[in-house]
Protein chains: 2
Amino acid sequence: MAATETLTAERILEATEEVLRRYGPAKATVVDVARVLGVSHGSVYRHFRTKAALREAVTERWLERTVVELRPYAEEPGPAAERLTGWLTALFGLKRHKAGGDPELMATFQVLIGENSAVVDRHVDHLVGQIARIVEDGHREGVFAAPERDFATTARAVFDATDRFHDPAHAGDWSAPDIGDAFAAVVSLVQRALRP
Amino acid sequence: MAATETLTAERILEATEEVLRRYGPAKATVVDVARVLGVSHGSVYRHFRTKAALREAVTERWLERTVVELRPYAEEPGPAAERLTGWLTALFGLKRHKAGGDPELMATFQVLIGENSAVVDRHVDHLVGQIARIVEDGHREGVFAAPERDFATTARAVFDATDRFHDPAHAGDWSAPDIGDAFAAVVSLVQRALRP
DNA sequence: GGAATGACAAATATTGAAATCTGTCATCGG
DNA sequence: CCGATGACAGATTTCAATATTTGTCATTCC
């Protein structure tokens with residue numbers, strides 16, 4: 001399909017995502033990707049050195065999309081406490097929506113996550129940075145206390161404390177009926193912790 | 001070996017643990033357990049209706065042992081804030097020690113955990129109960145604020161917030177060099193949240 | 001009488017031969 | 001010249017035949 005267009009890394013990544021969606025992480029092959037693009041698999045290897053590198057790039061794209069979807073919540077105007085709750089709720093909502101809407105895709109994603117921990121670490125740093133910014137603003141506004149150590153550590157603690165509500169490893173729990181209450185309780189705990 | 005002793009559920013459970021340790025969850029069979037005990041596998045089925053029931057019983061025993069090891073920390077005398085930190089540190093320490101000391105056994109345990117979520121849920125309720133007791137004592141002492149909703153909810157939030165440091169799903173992270181700092185930061189966050 | 005046995009059917013796991021996939025590279029074609 | 005190709009070797013996966021395991025139960029043994 002569309003074999004006339006030039007073969008770019010971008011097009012290969014799109015095809016790879018499609019193949020991963022359709023066949024899952026175990027069955028998706030480079031040959032499949034090449035077939036979708038109507039090229040030989042050798043051509044794919046011109047753009048990505050290995051299958052692992054290809055999957056890593058897909059993982060990166062996927063995670064980057066989450067960061068972009070969250071940015072508005074990180075940067076919206078208003079009191080820091082509400083921004084933090086909004087951001088955490090948005091993160092949980094995004095994840096839960098994705099996990100609930102397409103559990104197979106989530107499972108695929110989870111496998112990729114597991115294969116690319118370095119990429120995930122960078123992504124987590126990115127998200128923690130967004131929290132740090134909100135916490136720092138809150139401190140300037142006087143609604144959050146000074147951090148025990150520094151903003152990065154506090155932000156990291158907030159991220160870790162809410163782990164159960166964003167780590168895909170816990171995706172199975174997100175359909176429990178009382179998960180909303182549990183989330184609210186932890187957010188409330190975090191908010192109390194940050195108060196001056 | 002010791003085929004003269006009467007066959008009890010207890011002896012079967014011990015043999016099952018040994019087989020699980022030796023062969024792992026995928027390869028451990030009821031026939032192996034019977035062989036260790038020097039009996040026919042039919043005899044094992046007299047005490048446990050299914051292989052699943054046998055594994056569930058092993059899981060229960062295993063978890064119960066954790067609760068017992070933690071009880072001293074839950075019941076020790078002293079200020080509630082220190083008891084809470086002590087309890088959380090003990091839980092993390094126990095888990096980390098087990099995961100670090102015998103990663104294969106931990107992996108086996110994790111599989112059993114996944115197979116027996118009902119047993120795990122009961123175990124978690126038990127642990128949350130220990131936290132609730134400490135938090136309630138703290139409130140009586142005046143060192144912890146009144147809970148937003150009730151002690152059980154607050155205790156659950158504390159348990160959830162520290163999830164990353166006791167859930168076996170995260171065992172792989174526990175050997176990271178800065179895990180101790182991350183743990184301390186979350187405990188500090190929790191302590192601040194509970195202050196009046 | 002009641003615990004233990006072992007033969008058995010159905011379900012599950014193992015195995016190894018055949019097929020497919022990954023990654024390379026000499027060659028092709030525009 | 002430069003991206004694309006497809007044949008190829010070695011690694012990995014699939015698939016179907018074979019073996020093992022699970023769970024039952026009529027029979028045995030103390």
Side-chain angles (χ1 to χ4, degrees), chain A residues 1-60 104 107-108 110-112 114-116 119, chain B residues 1-60 104 107-108 110-112 114-116 119:
Chain A
M1 49 178 79
T4 53
E5 288 174 47
T6 51
L7 188 61
T8 60
E10 180 62 22
R11 285 187 62 222
I12 292 173
L13 288 174
E14 253 149 43
T16 306
E17 267 192 43
E18 185 184 327
V19 169
L20 280 167
R21 270 169 209 276
R22 198 183 309 167
Y23 301 126
K27 294 268 183 73
T29 71
V30 176
V31 171
D32 290 330
V33 173
R35 192 173 13 249
V36 165
L37 291 164
V39 300
S40 74
H41 74 279
S43 302
V44 173
Y45 280 97
R46 174 163 298 283
H47 292 83
F48 295 92
R49 262 193 355 283
T50 63
K51 184 188 183 184
L54 179 55
R55 284 174 166 241
E56 185 180 302
V58 168
T59 307
E60 209 156 14
E104 281 188 41
T108 294
Q110 224 171 305
V111 170
L112 292 192
E115 282 172 1
N116 297 285
V119 169
Chain B
M1 45 183 79
T4 54
E5 289 175 46
T6 51
L7 188 61
T8 60
E10 180 63 23
R11 283 187 63 221
I12 292 173
L13 288 174
E14 252 149 43
T16 306
E17 266 192 46
E18 184 185 328
V19 169
L20 281 166
R21 270 170 210 277
R22 198 182 309 167
Y23 301 125
K27 294 269 182 72
T29 71
V30 176
V31 171
D32 291 331
V33 173
R35 194 177 9 253
V36 165
L37 291 165
V39 300
S40 75
H41 74 278
S43 301
V44 173
Y45 279 97
R46 173 163 298 285
H47 292 84
F48 294 93
R49 260 193 357 280
T50 62
K51 184 188 183 183
L54 179 56
R55 285 176 165 235
E56 185 180 302
V58 168
T59 307
E60 209 156 13
E104 281 187 40
T108 294
Q110 224 171 305
V111 170
L112 292 192
E115 282 172 1
N116 298 285
V119 170

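FYI, side chains are in, hydrogens and waters are out, and symmetry mates aren't considered; it's all heavy atoms of this structure. Please read all numbers here as calculations on a predicted model, not as lab measurements. Lettering of chains follows the sequences in order, A, B, ..., and the numbering in each one begins at 1.
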Protein within reach of the bases, or only the backbone? For nucleotides 4-10 of chain C, mark each nucleotide 5' to 3' as B, S or -, using heavy atoms under 4.0 Å. BBBB---
Can you check the A/Phe48 CZ to C/dT24 P distance for me, whole Å? 15 Å
Distance in angstrom units between B/Tyr45 OH and C/dA3 P, rounded: 19 Å
Tell me every residue that passes salt bridge (Lys or Arg N to Asp or Glu O under 4.0 Å) with A/Glu17, counting only those two or more places apart in sequence or in another chain. A/Arg21, A/Arg61, A/Arg65
Which salt bridge (charged side-chain N to carboxylate O under 4.0 Å, His left out) pairs, counting each pair once, include a residue from residues 22-31 of chain B, with sequence neighbours left out? B/Glu18-B/Arg22
Name of the residue among A/Val39, A/Leu37, A/Val30, A/Val36 meeting side-chain contact (heavy atoms from CB on, under 4.5 Å) with A/Ile12: A/Leu37
Under the side chain to side chain donor-acceptor pair (under 3.5 Å) test, which residues partner A/Asn116, sequence neighbours left out? A/Thr59
Interatomic distance, A/Lys51 NZ vs D/dT12 C1' [rounded to whole Å]: 9 Å
Residue list, salt bridge (Lys or Arg N to Asp or Glu O under 4.0 Å) with A/Glu115, at least two apart or on another chain: A/Arg55
Among residues at least two apart in sequence or on other chains, which ones pass side chain to side chain donor-acceptor pair (under 3.5 Å) with A/Ser43? A/Ser40
Contacts to DNA chain D from residues 19-32 of chain B, heavy-atom cutoff under 4.0 Å, which residues? B/Thr29, B/Val30, B/Val31
Could you tell me which residues satisfy side chain to side chain donor-acceptor pair (under 3.5 Å) with B/Glu56, sequence neighbours excluded, listed by chain and number? none
Is the shortest side-chain heavy-atom distance between A/Thr16 and A/Val44 below 4.5 Å? no
When the distance from CD1 of A/Ile12 to P of D/dG3 is rounded to whole Å, what number comes out? 13 Å
